[in-house]
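Just so it is clear, the values below take in all heavy atoms, side chains as well, and ignore hydrogens, waters and symmetry mates. Numbers restart at 1 for each chain; the letters A, B, ... are given by sequence-line order, proteins then strands.
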Amino acid sequence: MAEVRNQPVKPALPSGVRDFGPQEVARRRYVFDTLRRVFERYGYQPLETPVMELLSTLEGKYGEEGDRLLFRILNSGDAFAVWKEKYGDHLIGQFGFPLRDIAEKGLRYDLTVPFARYVVMNRHRLAFPFRRYQIQPVFRADRPQKGRYREFYQCDADVIGSNSLLLEAELIKIYDDAFSELGLNVTIRINSRKVLLGLAQCCGAEQQFYAMTVVLDKLDRIGLDGVEQELGRLGWNAEQRQMLRALFHVEGSNEERVQKAGALLTQTAGEEGCRELQQTLHWLNVLGAPHQAVEVDFSLARGLNYYTGIIYEVVSRDGTLKSSLGGGGRYDDLTGVFGLPGISGVGISFGADRIYDVMAELNLFPATSESHTRLLFCCMDQASMYWAAPLLSDLRRRGLPAEMYPEPEKLQKQLRYAHSRGIPYAALVGEQERYTNRLTVKDLRSGQQQSVAPHELYEKII
RNA sequence: GUGGUUGUAGCUCAGUUGGUUAGAGCACCAGAUUGUGGAUCUGGGGGUCGGGGGUUCAAGUCCCCUCAUCCACCCCA
């Protein structure tokens, strides 16, 4: 490490990750705090898990695409030692080799899988149904673009250990509360994977279920004709596509559409899916009508293939970002892969970074001052600094954020600093003030200043 | 992973058919103001024009490679 550096390192960041300055942090906290408050109101308990997990925990849970997007961590020490031993030095760089030989850890891809891992490891000390929320960054080795980052925060709420559709309805209420409190207008789309499965069964294309969901998910982008075209490419004939058209052409309120769809999909999993949607909507009504738009949408599919029941997606109704601000659903057997089968869970996720982006675009953040500091002591000389220091400490002891400019610089410089920091008051201290035992307190917003005795200072600026 | 876009000062950008010493606004620093911020004026610091190679008497400008960026696809929050 004792390298001689003649060239300064160019400061830069890997793509897709970001620094957050003071103002951004304040605004992000506002989003996180709002979500936290709502989660806790619904009885969810906080959980934090490590950024890194064993690759065996992560791999194979997110589909082929997900595996490709996992950040893998090179083993420490000589990561290639095992590999060299197996294949010999000379082959390095010439052939592919099993990744597990050099990397056994990875950065988490979402919060749901680590949660499932946690539940299985701690099953004996948890009271089921277990509700937890988790607000932490996740990592994806994706190509960054608008609204897409390599490190971003997910804010998840999941319940594990109950099949009740009351939970489904509560999660919609959580979305409703949270987005309403943030001042965003959104549409909460819901569907059931069982309806989609029923559709596939109805068309005799059950083995193409996953491929079908991927195509359906594009409906709002490529339209019904586009979807039919792509399904045609998958080998769907006119009759099958007619079935699909029928499902998407049902009209009426959410309840009516679910009822009609159920009739279309008799003898399939779709019937049960529609019953569950009906029941969820009923619970939602009983809990109280939501403020945000809730829309049953049979084209909603969700990419992650562990969902098995009701699924959710939230999209903004304002602003230019069209991708989803959150999503979730029920998964019947997420803990099964960790050796605890038959436990059902349901959960939702908020994409905090996208929520931030939309709110920033729409100017929805309440005005926050740059700093919390209320008062800056501006001292003309060293003696004044000594004189004012006990007053500074006194303010802080009483809980009032205050600072002293650390050098006796010229006033102009000190006041300019206070101004650029957004500090509302400056206490000027020089020979005069020391001599009369009073401070000159300046209100930076009005420009007015007055002479204040030391013991009045706290009251004047609070 | 696929296709395209753009790389010039800390930031946003200009820079003609290749032609002297590469510019502007904002930001920053200093002064006008030896004890008063925001506004104004004056001055100043700052750039291997993303990197490498090539064409040319001459390249920020043209060609090739490479890296980065943003956008779209794929997929997702």
Inset, instruction - Give the ring-plane orientation class for A:Y44 versus A:F39, where under 30° counts as parallel, over 60° as perpendicular and anything between as tilted. - result: tilted

Inset, instruction - Give the ring-plane orientation class for A:Y417 versus A:Y405, where under 30° counts as parallel, over 60° as perpendicular and anything between as tilted. - result: perpendicular

Legend entry - Per-pair stack call A:F350 and B:A77, 5.5 Å, 30°: no

When rounded to the nearest Å, what value does the distance between [atom1] atoms of [N] and [M] take?
N     : M     : atom1 : answer
B:G19 : B:A59 : C1'   : 10 Å
B:U12 : B:G50 : P     : 14 Å
B:G52 : B:C67 : P     : 15 Å
B:U6  : B:G15 : P     : 13 Å
B:G47 : B:U5  : P     : 31 Å

Inset, instruction - State yes or no: are the ring centers of A:F32 and A:Y153 separated by less than 6.0 Å? - result: yes

Inset, instruction - Answer yes if the ring centres of A:F71 and A:Y109 are under 6.0 angstrom apart, and no otherwise. - result: no

Inset, instruction - By nearest nucleotide on RNA chain B, pick out whichever of A:L69 and A:P14 is the more 5' one. - result: A:P14

Inset, instruction - Please figure out whether A:I423 or A:D142 has its closest RNA chain B nucleotide nearer the 5' end. - result: A:I423

Contact class for [X] (heavy atom, under 4.0 Å): base, sugar-phosphate, or nothing?
X      : value
A:G447 : base
A:Q414 : nothing
A:R150 : nothing
A:L325 : sugar-phosphate
A:E433 : base
A:Q154 : sugar-phosphate
A:V214 : sugar-phosphate
A:Y149 : base

Does [X] place a side-chain N or O at less than 4.0 Å from the phosphate oxygens OP1/OP2 of [N]?
X      : N     : result
A:K410 : B:G31 : yes
A:K218 : B:C74 : yes
A:Q412 : B:G37 : yes
A:Q145 : B:A72 : yes

Inset, instruction - To the nearest Å, give me how far apart CE (A:M380) and C1' (B:U34) are. - result: 12 Å

Inset, instruction - Give a yes or no on whether a donor-acceptor pair under 3.5 Å exists between the nucleobase atoms of B:C74, that is its base, and the side chain of A:R143. - result: no

Inset, instruction - Return yes if the base of B:U36 and the side-chain atoms of A:R416 contain a donor-acceptor N/O pair under 3.5 Å, otherwise no. - result: no

Legend entry - Verdict with supporting geometry, A:I135 and A:F350, side chain to side chain contact (heavy atoms under 4.5 Å, CB included): CA-CA 9 Å; A:I135 299 178; A:F350 290 80; over 6 Å; no

Inset, instruction - Examine the side chains of A:W387 and A:E433 and answer whether a donor and an acceptor come within less than 3.5 Å of each other. - result: no

